[in-house]
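Working notes, structure below.
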Amino acid sequence: MALYEYVTQEQLAGFDKYKYSAVDSNPLSVYVMHPFWNFVVKFLPTWLAPNLITFTGFMFLVFNFLMLAFYDFDFTASAAGHEHVPSWVWVAAGIFNFLAYTLDGVDGKQARRTNSSTPLGELFDHGLDSWACIFFVATVYSIFGRGESGVGVATLYYILWVVLFSFILSHWEKYNTGILFLPWGYDISQVTISLVYLVTAVVGVETWYQPVLFHLLYRDLFTFMIIACSFTVTLPMSLYNVLKAYRSNTLKHSSLYEAFLPFLSPVLLFILSTIWVVYSPSNILELQPRIFYLMVGTAFANVTVRLLHNHKDTHAHMFDKRNINSHLHVFVFALVLQCKLIVCQMSNTRCQALSWLLLPMLAVVLLAVTGVVANETLLLYLWTAAVILAHIHYGVSVVQQLSNHFNIFAFSLKKPNSD
């Protein structure tokens with residue numbers, strides 16, 4: 001694969017100066033999960049690289065997505081009159097989701113334990129987190145599906161965007177304040193999702209057909225909780241933290257334009273994808289919801305990662321391998337694509353206003369909504385493949401470049417000069 005140096009010299013210099021700064025005030029995280037993760041990390045061998053832990057956790061989420069795609073590709077399996085997803089699949093999904101959450105919690109602790117923390121580790125961690133949004137949202141959707149008592153594909157599309165913007169808010173905070181305020185919703189949602197998978201395996205999806213109270217269905221509660229958490233907890237806390245930094249004169253960006261610049265590309269991506277949804281001649285979202293969600297989630301991840309790398313906001317562990325070994329490394333680094341905002345943030349550099357990905361996206365949307373391309377499904381599949389490949393190329397290139405810069409290996413704690 002021909003690599004490209006996406007990270008500028010200015011950004012590399014910013015990474016050299018980066019210091020990790022985060023605040024986690026969630027009671028569930030502080031009093032329950034952190035003690036649990038401190039216990040778990042003691043059982044990990046000291047030769048195990050933190051980034052390998054991160055990648056393994058991410059792959060559990062990908063496996064959940066693929067597993068549910070096999071049994072419920074079009075999100076109809078949970079509807080009445082359809083063959084439901086086997087109970088063992090929900091058990092596996094619950095276990096894998098909790099394992100992914102646990103590994104995401106112990107990777108940084110393993111880095112500190114092995115004294116292997118570098119900015120690349122945080123970039124890798126948050127880059128994977130941004131891509132993971134689409135995988136766990138789509139997997140949870142299979143619980144309710146799109147039947148009479150389920151959630152419409154259009155509703156889920158907008159819920160996905162609520163989740164995506166909730167993710168970017170935390171990194172927008174750090175872009176402006178220099179401090180990562182870890183969102184409360186993440187820990188609560190991951191524990192809840194894991195439990196819901198296990199409960200579904202026991203009681204069956206038919207239970208979710210029943211109203212919770214009066215005419216309030218579980219699907220309505222599901223939708224309400226996600227939206228309410230985002231607009232009553234995540235958004236207010238983000239605005240409060242930025243306002244507090246403004247009042248204390250510690251904001252990193254003085255103008256409103258610079259402060260809100262990280263939102264420009266994601267908002268444009270939302271507009272373009274929504275135009276495709278609304279004006280699609282073949283109603284593409286009804287035909288191919290899973291692929292459309294995957295395309296949107298991956299494109300968002302790519303845009304976000306570029307923003308993040310401009311800001312440089314390193315996690316507590318490193319990406320431990322410089323010369324990545326063949327296919328595993330190539331795929332892993334693809335996941336870091338989402339870090340464009342993260343890169344800007346971590347390197348304390350100006351966020352790029354627009355992502356180049358938006359230009360071909362505009363062309364694709366125009367081809368689709370005008371009917372120039374008759375086979376809209378084929379166009380969606382080709383564009384989704386292109387987005388994933390572009391995401392992978394960016395990720396591979398950035399990780400390779402940073403690994404070379406820090407003179408480290410990606411998935412090993414060995415040093416390059418020790419070989």
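Starting from 1, each residue takes its place in the sequence as its number.
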For this session: Count the heavy atoms of every other residue, nucleotide or ligand shown that sit under 6.0 Å from CD of Glu206, and state whether that count exceeds 12.
Result: yes
Exercise. Any sub-3.5 Å donor-acceptor pair from Arg146's side-chain atoms to Phe75's backbone N or O?
Worked result: no
For this session: Show the numbers, then the answer: is there a side chain to side chain contact (heavy atoms under 4.5 Å, CB included) between His84 and Trp90?
Result: CA-CA 11 Å; His84 298 326; Trp90 295 121; over 6 Å; no
Exercise. Would Thr54 and Asp125 count as having a side-chain donor-acceptor pair, cut-off 3.5 Å?
Worked result: no
Problem set entry | Any Phe165 side-chain heavy atom under 4.5 Å of Val267 side chain | yes
For this session: Could you go through the side chain to side chain contact (heavy atoms under 4.5 Å, CB included) check for Phe60 and Leu103 one step at a time?
Result: CA-CA 10 Å; Phe60 278 126; Leu103 294 178; 3.8 Å; yes
Exercise. Is any side-chain heavy atom of Leu44 less than 4.5 Å from a side-chain heavy atom of Arg113?
Worked result: yes
For this session: Verify the distance criterion only: is there a donor paired with an acceptor across the side chains of Thr139 and Asn64 at less than 3.5 Å?
Result: no
Problem set entry | Within 6.0 angstrom of Phe73 CZ, more than 12 heavy atoms from elsewhere | yes
For this session: Working to the nearest 0.5 Å, report the span between CG of Leu123 and CG of Leu128.
Result: 9.0 Å
Exercise. When rounded to the nearest 0.5 angstrom, what is the spacing between CG in Leu160 and CD1 in Ile134?
Worked result: 4.5 Å
For this session: Mind listing the closest non-hydrogen atom pair of Gln210 and Tyr218 along with its distance?
Result: O-CD1, 3.1 Å
Exercise. Is the backbone of Ala245 close enough, under 3.5 Å, to the side chain of Thr250 for a donor and an acceptor to pair up by distance?
Worked result: yes
Exercise. So, does Ser78 use its side chain to make a donor-acceptor pair with the main chain of Ile143 at under 3.5 Å?
Worked result: yes
For this session: Check for a donor-acceptor pair, side chain of Tyr209 on one end and backbone N or O of Glu148 on the other, with a separation under 3.5 Å.
Result: no
Exercise. Any side-chain heavy-atom pair from Thr298 and Thr384 closer than 4.5 angstrom?
Worked result: no
Problem set entry | Verdict with supporting geometry, Leu261 and Trp172, side chain to side chain contact (heavy atoms under 4.5 Å, CB included) | CA-CA 9 Å; Leu261 194 58; Trp172 172 72; over 6 Å; no
Seminar exercise, completed: When every non-hydrogen atom of Val162 is compared with those of Ser230, the smallest separation belongs to CG1-OG, 3.1 Å
Exercise. Does one side chain, of Ser29 or Tyr186, offer a donor that lies under 3.5 Å from an acceptor on the other?
Worked result: no
For this session: Looking only at non-hydrogen atoms, find the nearest pair between Val387 and Ala299 and report the distance.
Result: CG1-N, 3.7 Å
Exercise. Are the side chains of Thr102 and Trp37 in touch, meaning some heavy atoms are under 4.5 Å apart?
Worked result: yes
For this session: Could you tell me the separation between the CG atom of Leu239 and the CD atom of Glu173, rounded to the nearest 0.5 Å?
Result: 8.5 Å
For this session: Using atom types as modelled and distance alone, determine if a side-chain donor or acceptor of Gln110 lies under 3.5 Å from a backbone N or O of Pro45.
Result: yes
Problem set entry | Closest non-hydrogen atom pair between Leu61 and Ala132, with its separation | CD1-CB, 3.6 Å
For this session: Using modelled atom types only, decide if a donor and an acceptor are shared between the side chain of Arg219 and the backbone of Val151 within a distance under 3.5 Å.
Result: no
Exercise. Ignoring hydrogens and geometry, is there a side-chain-to-backbone donor-acceptor pair from Asp72 to Ala77 under 3.5 Å?
Worked result: yes
Problem set entry | Heavy-atom pair with the smallest gap, counting every atom of Ala138 and Arg290 | CB-NH1, 4.5 Å
For this session: Return yes if some donor-acceptor pair links the side-chain N/O of Asn26 with the main-chain N/O of Val30 below 3.5 Å, else return no.
Result: no
Exercise. When Phe65 is tested against each of Phe135, Tyr293, Phe136 for ring pair (Phe, Tyr, Trp, His ring centres under 6.0 Å), which residue passes?
Worked result: Phe135
Problem set entry | Other residues, nucleotides, ligands: >12 heavy atoms within 6.0 Å of Tyr71 OH | yes
Exercise. Only one of Tyr141, Phe144, Trp208 clears ring pair (Phe, Tyr, Trp, His ring centres under 6.0 Å) with Phe222; which?
Worked result: Phe144
Exercise. Are Ser273 and Val365 close enough that some pair of their side-chain heavy atoms sits under 4.5 Å apart?
Worked result: no
For this session: Mind checking the CD1-CE spacing from Ile271 to Met361? Nearest 0.5 Å is all I need.
Result: 11.5 Å
For this session: Answer with yes or no whether the side chains of Tyr158 and Thr274 bring together a donor and an acceptor at under 3.5 Å.
Result: no
Problem set entry | Side chains of Asp107 and Asp104 in contact at under 4.5 Å (non-hydrogen atoms) | yes
Problem set entry | Exercise: identify the closest heavy-atom pair between Cys133 and Leu164 | CB-CD2, 3.6 Å
For this session: Applying side chain to side chain contact (heavy atoms under 4.5 Å, CB included), run through Ile193 and Gln190 and close with a yes or a no.
Result: CA-CA 5 Å; Ile193 288 171; Gln190 291 307 303; 4.3 Å; yes
Exercise. How long is the gap from CZ on Phe36 to OH on Tyr101, to the nearest 0.5 Å?
Worked result: 9.5 Å
Problem set entry | Pairwise side-chain contact, Phe96 with Tyr197, heavy-atom cut-off 4.5 Å (strictly under) | no
Exercise. Hey, are the side chains of Pro50 and Phe124 touching, using non-hydrogen atoms and a 4.5 Å cut-off?
Worked result: no
Problem set entry | Any donor-acceptor N/O pair, Asn97 side chain to Gly94 backbone, under 3.5 Å | no
For this session: Working to the nearest 0.5 Å, report the span between OG1 of Thr118 and CG of Leu402.
Result: 8.5 Å
Exercise. Quick one: does Glu376's side chain have a donor or acceptor within less than 3.5 Å of a partner on Ile284's backbone?
Worked result: no
